[in-house]
Amino acid sequence: MRYLIALLALAGLIDSSLALRIHYQDPNAAPPCAVTEHWDCGSVNHNRFAVFPPRLPDDDPTTPHHGIPVAALGIAGYALIAGLALANRLWLTLQVAEIGFAFASFLSYLEAFVMEKWCIYCVWSQAIITTILLLTIATLILQRRRRTTPTTTSAVVIAHD
C-alpha cells in the first residue's frame with residue numbers, strides 16, 4: 001500500500017507543478033484551464049491567497065510580494081509524503097497527510113466562498129490528498145490488526161486427573 005501512496009504523491013507533485021507553472025505565467029495570458037467564469041486557474045493562482053503568507057487586501061498588487069507560492073508548498077508536501085511512504089514511515093506519512101488535507105480543505109473553502117472560482121489543479125490536489133489520507137489510515141489500521149491478531153491458532157490441552 002505504501003507504493004500506492006507514493007505513486008499518488010507523485011501524481012500530486014505533478015499536479016502542483018502544473019499549478020505552479022500557472023502561478024508564474026503572465027496573468028494576461030490565458031491559462032489552459034480557463035474554462036468558465038467559475039473554473040479559472042489563472043484567476044485562482046494569481047489571487048492574493050496563492051502565496052503564503054497571503055497578500056493583505058490593501059497591498060498594491062503591482063509591488064512584488066515575497067511569499068511562497070502555495071503550489072510550491074504542495075510540491076514540497078507531496079515529495080515529503082512520497083519519501084516517508086517509501087521509507088515505510090506511515091505514522092509520519094499520516095501526520096503530513098493530515099496537515100496537507102487541512103491546508104487543501106482551507107484553500108477549497110477560499111475557492112468556494114471567498115474567490116467563488118475553482119482551479120481544476122486545486123480540485124485534483126484535494127482529491128489526491130484525501131485519497132492519500134484515507135489510504136494511510138486504512139494501512140495503519142490493517143497493520144495494527146495484523147499485529148494484534150494471532151497468526152497461528154494454538155490448541156489448549158486440558159489434562160484431567
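The first residue in the sequence is number 1, and the count goes up from there.
Residue L86 belongs to a hydrophobic cluster whose other members are Y3, with links defined by side-chain heavy atoms closer than 4.5 Å.
Hydrophobic clustering (ILVMFWY, side-chain heavy atoms < 4.5 Å, transitive): L110 and I99 are in distinct clusters. A continuous path of ILVMFWY side-chain contacts below 4.5 Å connects V96 to L4, so both sit in one hydrophobic cluster. At a threshold of 4.5 Å between side-chain heavy atoms, the hydrophobic network of Ile, Leu, Val, Met, Phe, Trp and Tyr places F101 and L134 in two separate groups. Placement of W91 and M1 within a single hydrophobic cluster is found when ILVMFWY residues are connected by side-chain heavy-atom separations under 4.5 Å, directly or transitively. Under the 4.5 Å side-chain heavy-atom criterion for Ile, Leu, Val, Met, Phe, Trp and Tyr, W118 and F113 are members of distinct hydrophobic clusters.
Residues V70 and F52 approach most closely at CG2-N, 4.5 Å, considering heavy atoms. For H38 against E116, the heavy-atom pair with the smallest separation is ND1-O, 3.5 Å. Taking each heavy atom of L135 and L8 in turn, the nearest pair found is CD1-CD1, 3.5 Å. Residue Y78 comes nearest to S125 through the heavy atom pair OH-OG, 2.8 Å, listed as atom of the first residue, atom of the second, then distance. Nearest heavy-atom pair, K117 versus E37, reported as atom, atom and distance to 0.1 Å: NZ-O, 3.0 Å.
Rounding to the nearest 0.5 Å places OG1 of T136 at 7.5 Å from CD1 of I81. Of the inter-residue distances, the one linking L20 atom CG with I75 atom CD1 reads 4.5 Å to the nearest 0.5 angstrom. Atoms CE and OH, from M115 and Y109 in turn, are 11.0 Å apart once rounded to the nearest 0.5 Å. With rounding to the nearest 0.5 Å, the separation of CD1 in I120 from CG in D40 is 12.0 Å. The structure places CD of Q95 at 5.0 Å from CD of E98, a figure rounded to the nearest 0.5 Å. Once rounded to the nearest 0.5 Å, the distance linking CZ of F103 with CG of L73 reads 5.5 Å.
Checked against ring pair (Phe, Tyr, Trp, His ring centres under 6.0 Å), Y24 has no partners two or more places apart in sequence or in another chain.
For H46 (side chain) and H23 (main-chain N/O), a donor-acceptor pair under 3.5 Å exists by modelled atom type. A distance-only check finds a donor-acceptor pair linking the side chain of R48 to the backbone of R55 [under 3.5 Å].
For W124, the CH2 atom sits in a loose shell: 12 or fewer heavy atoms of surrounding residues, nucleotides or ligands are nearer than 6.0 Å.
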Side-chain donor-acceptor distances from residues 126-133 under 3.5 Å, at least two apart:
| from | atom 1 | to | atom 2 | distance (Å) |
| --- | --- | --- | --- | --- |
| Q126 | OE1 | S105 | N | 3.2 |
| Q126 | OE1 | S108 | OG | 3.2 |
| Q126 | NE2 | T130 | OG1 | 3.4 |
| T130 | OG1 | Q126 | O | 2.7 |
| T131 | OG1 | A127 | O | 2.8 |

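Between C119 and the choices V44, L107, N47, the side chain to side chain contact (heavy atoms under 4.5 Å, CB included) rule is met once, by V44.
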